Amino acid sequence: MLLAAILGQRTPVNAGISLAGTSGLINIPTAQVITDQQVTIGIGYVNRNSAYLETGRCDNFPFYVVLGYLPRLEFSAGVTFVPGQRSYDGTNTYKDGIVSLQYLLLKEKKIIPAVAIGARDIYSFILLNTTFIVASKTILTQSRTKIRLHLGYGSDLIDHHLGVPKKDRKFPVGHTIVGVFGGLEINWKGALHYMLEYDSQKINSGFRFRLHPHFNFDLHFLNMKDLSGSLNLSFDL
Amino acid sequence: MRKLSIFMWGIFFSFFGFRTSFAEQPATETFEYAISTCQNYLIDAGLENIQIQLARHQIIWISYENRRYRNEITALGIVLGYASECFGFANQLVIIPKYRNIPLKFIKVDRRVFQQYIQDKISAADFIENLEISFQPISEKPLVGYGSQHAHSSLYKIDLIANPGIRAQFARPHDSAQLQFNLLTDISVTLAKGLQVNGQWIFPIYDEFQPEESKSRLGQFYLSQFIRFPAGTFLTAGVGLFDLGCTGISTEIKRFLFQERFSFSARLDYLNTHSLKNVLQLDVPCENNLSYLFQAQYRFDQVNFLTKVSWGRFLLGDKRWRIDIVRRFHELELGFMGVWNESLEFLTGMTVRIPFPVSRYPRPGRIRVRTPRFIPWNYRYLPCYDGFILDTGNNFEQITQQFSLSFIRANIHQFKTATRYVKLQQPSRSRELLVQK
């Protein structure tokens with residue numbers, strides 16, 4: 001009760017946040033955004049074999065803050081910590097900042113799917129960029145079970161670093177989800193989700209446990225084998 | 001004599017259509033007692049520059065200045081709470097919040113609608129629908145001679161504000177993150193109507209920036225004047241030592257249009273960096289810099305979202321465009337800025353304004369120590385001064401926006417919070433008759 005009082009009762013439920021720190025399944029975005037004026041903070045663990053930064057060498061620990069900045073517009077910012085990789089600041093933990101936006105273009109209706117557009121890692125030194133459009137549609141709603149499909153396309157439209165000194169622009173821009181991506185989500189009683197996705201490079205699966213309306217715990221098998229996960233908390237401003 | 005007085009008041013109230021039953025309570029008593037009691041209640045609540053007046057058609061005008069409650073809606077709720085109880089005969093209340101004893105806005109509230117809202121008989125949306133907010137007087141002006149004099153002046157009262165100052169630069173690509181914590185002790189005194197003197201002494205606590213910033217020093221010392229013109233136009237002017245060791249004069253004129261959603265402003269600054277003892281100068285000095293700025297801003301009332309476009313010659317003489325967006329979440333503000341820059345293409349930054357505990361300060365007295373209302377924090381992705389707008393104490397947008405419909409909508413719950421402070425026991429001051437006849 002104390003927790004509910006602190007976090008506020010207005011928040012409907014914790015939206016599902018992907019490892020990239022935007023609304024989505026495991027890696028892919030979905031056509032939904034978090035509620036206006038809601039904040040989600042979270043931390044994840046990405047196994048080194050499926051990590052985007054220093055793949056095969058270092059585990060990644062993304063930390064993110066997602067904010068419903070305007071109705072339908074989600075803003076997220078985060079830092080991915082890569083322990084074991086030398087950083088410019090002299091420490092042994094590399095840090096990569098990420099800023100992303102996601103906008104819900106259309107809400108889901110009886111026939112029309114929800115459609116969202118967005119871009120990940122859009123500013124500064126860009127390593128994990130994708131510019132995408134995604135559609136989501138609930139195909140089955142029963143008393144306890146809901147099945148939702150997601151289909152989208154990611155592109156590498158942004159081809160240069162923005163807001164960095166000229167000397168740093170020579171480095172190539174990194175992209176993550178380029179091409180067709182999609183996923184399936186089975187929601188049982190709102191408390192347990194099974195997720196299966198293709199992120200344009202590999203197939204991932206996982207579970208999302210809604211431990212409390214404000215808490216989510218995700219367990220992922222990236223590339224169907226590399227155990228990863230995340231924990232996040234939502235509250236209203 | 002008393003009978004004559006009651007008779008005269010009877011004529012007066014009959015003329016203006018008061019429905020109060022004279023048989024139950026003499027009108028003179030009712031009116032005088034109501035004004036006196038309400039004024040004393042508001043003084044007890046810690047509000048200043050209070051004046052209560054009577055206008056035609058059973059409309060009561062109440063002007064006040066709030067320096068006690070962090071949220072202006074709390075103060076507004078307290079005024080409405082007391083007024084609706086004290087002036088049971090009034091149809092409508094015109095509440096006039098002030099800033100440095102200068103009226104800011106006119107808020108017209110139907111007394112019965114307010115009471116229905118407080119008693120949960122109507123929704124917040126219905127209550128807001130009934131509000132009228134304007135920079136112009138909404139109803140007929142008060143009748144001359146029917147009302148109280150100004151009470152509880154805010155002049156020459158010293159506010160000492162202990163302010164935590166945080167500065168950080170996280171994202172230099174080839175450098176470590178830098179942090180700085182300071183204790184900023186601000187002092188402010190209102191010297192005359194609209195005129196205030198502000199000073200600030202900086203006590204460094206932790207510093208990873210330049211070594212000079214580790215020394216205790218003078219931060220600001222300036223005089224600022226706030227002037228109200230008709231038709232939603234305001235002028236501010238400041239002279240003295242501002243942030244970053246800049247001295248000079250700064251003026252800004254602002255006009256609000258289209259039900260206050262749109263505003264246009266022009267600003268002219270003449271600033272210098274002189275070598276002063278105990279003052280730290282800007283990294284890049286601005287020598288005899290005449291800067292000018294034109295700003296247009298639009299507020300989306302439904303979501304309390306502000307967009308602002310600025311063009312002009314900024315602090316360091318750079319001519320460029322700058323855009324700002326700000327979203328207000330209740331009392332918290334989160335904004336972003338972008339400046340076109342030749343070397344970086346697009347420089348961005350973030351502005352945050354966080355409400356600071358506590359929500360109610362001690363009553364203003366000769367000297368009062370309090371916490372700041374908000375902690376502003378500006379962060380630029382790279383430490384460049386391009387498109388830099390110096391804080392010269394001219395930002396009255398922060399004050400006026402707290403009386404906008406969007407802010408009231410977002411903080412509507414504060415009206416009910418305020419009712420906790422509305423206690424209808426006998427005010428602590430003796431019952432004085434403050435009514436002029």
Side-chain angles (χ1 to χ4, degrees), chain A residues 8-11 34-39 63 65-81 86-101 103 121-127 158-171 173 235-237, chain B residues 124 168-179 208 299-307 323-355 379-384 386-387 406 409-413:
Chain A
Q9 290 288 359
R10 196 173 64 85
T11 306
I34 68 169
T35 317
D36 183 31
Q37 304 194 32
Q38 187 182 332
V39 176
F63 170 79
V65 180
V66 193
L67 168 67
Y69 190 68
L70 285 171
R72 294 189 181 206
L73 179 67
E74 173 184 296
F75 167 83
S76 87
V79 180
T80 302
F81 294 91
R86 191 87 184 144
S87 175
Y88 290 118
D89 62 8
T91 63
N92 204 31
T93 302
Y94 182 80
K95 300 160 205 82
D96 178 52
I98 180 168
V99 174
S100 308
L101 288 171
Y103 182 74
D121 201 3
I122 50 174
Y123 190 71
S124 176
F125 206 72
I126 298 171
L127 297 175
I158 296 176
D159 60 356
H160 70 288
H161 303 289
L162 192 63
V164 297
K166 273 180 185 160
K167 60 184 166 58
D168 291 326
R169 284 190 213 149
K170 61 188 179 205
F171 296 104
V173 169
F235 56 91
D236 278 336
L237 281 177
Chain B
Q169 196 65 56
F170 291 122
R172 285 181 180 179
H174 302 294
D175 204 350
S176 58
Q178 292 171 296
L179 279 172
E208 289 179 351
R299 191 180 60 233
F300 295 84
D301 257 341
Q302 286 299 322
V303 285
N304 208 355
F305 177 63
L306 191 82
T307 55
I323 54 168
D324 288 86
I325 56 170
V326 179
R327 175 83 200 272
R328 295 190 171 109
F329 305 94
H330 303 291
E331 289 184 85
L332 174 81
E333 272 185 26
L334 177 63
F336 299 94
M337 55 78 76
V339 176
W340 274 266
N341 170 302
E342 290 75 24
S343 59
L344 302 172
E345 284 186 273
F346 192 56
L347 172 69
T348 61
M350 190 171 79
T351 57
V352 184
R353 207 162 156 265
I354 304 163
Y379 169 72
R380 288 182 163 227
Y381 173 61
L382 287 173
C384 302
D386 300 65
S406 50
R409 190 179 288 114
N411 291 272
I412 191 84
H413 60 283

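Order of the sequence lines sets the chain letters (A, B, ...), proteins ahead of strands, with each chain counted from 1. The structure displayed is predicted, hence computed values, not measured ones.
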Practice problem: For chain A, find which of L334(B), L332(B), N304(B) contributes the most heavy-atom pairs closer than 4.5 angstrom. | Solution: L334(B)
Quiz item: In terms of the angle between their ring planes, are Y123(A) and F346(B) parallel, tilted or perpendicular, with boundaries placed at 30° and 60°?
Solution: perpendicular
Return the [atom1] to [atom2] distance between [X] and [Y], rounded to the nearest 0.5 Å.
| X | Y | atom1 | atom2 | value |
| --- | --- | --- | --- | --- |
| F75(A) | M350(B) | CZ | CE | 7.0 Å |
| L237(A) | R327(B) | CG | CZ | 9.0 Å |
| F329(B) | D36(A) | CZ | CG | 6.5 Å |

